[in-house]
Amino acid sequence: MPTAKLHALTILGALDEARSELVGKAVVLTAGKAGTVENVWLEELHGLRISIRGHGGKWPVSTIKFTQTG
């Protein structure tokens, strides 16, 4: 398998894993917003971004301060 294809599959696999870990979980962001994660995106310039139900916009996944456990 070509190296570029292997890297792409690795990235897509990590994105899928992040989606399954975060979508539907309650989170609190460092900016004080809280809610349930609706979706996770991979953006070219910003990396992983999340949307929170009830709050317009997308935030970097790195701003998650607390995530629902269990």
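The chain is numbered in sequence order, starting from 1.
Cluster annotation: Leu29 and Phe66 are assigned to distinct hydrophobic clusters (Ile/Leu/Val/Met/Phe/Trp/Tyr, side-chain heavy-atom contacts under 4.5 Å, transitive). Residues Ile64 and Leu15 share a single hydrophobic cluster, defined by chaining ILVMFWY side chains whose heavy atoms lie under 4.5 Å apart. Residues Leu12 and Val23 are members of separate hydrophobic clusters, defined by side-chain heavy-atom contacts under 4.5 angstrom among Ile, Leu, Val, Met, Phe, Trp and Tyr.
Residues Leu42 and Leu48 meet the side-chain proximity criterion, which asks for heavy atoms closer than 4.5 Å. Between Lys58 and His46 there is no side-chain heavy-atom pair separated by less than 4.5 Å. A 4.5 Å side-chain heavy-atom check between Ile52 and Val27 finds at least one atom pair inside the cut-off.
Taking all atoms of both residues into account, the shortest heavy-atom contact from Leu22 to Val61 is CD1-CG2, 3.6 Å. Residues Ala18 and Val40 share a closest heavy-atom pair of O-CG2, 4.3 Å. What you find for Gln68 and Lys25 is that their closest heavy atoms are OE1-CA, 3.4 Å.
No donor-acceptor pair closer than 3.5 Å links the side chain of Arg49 to the backbone N or O of Trp41.
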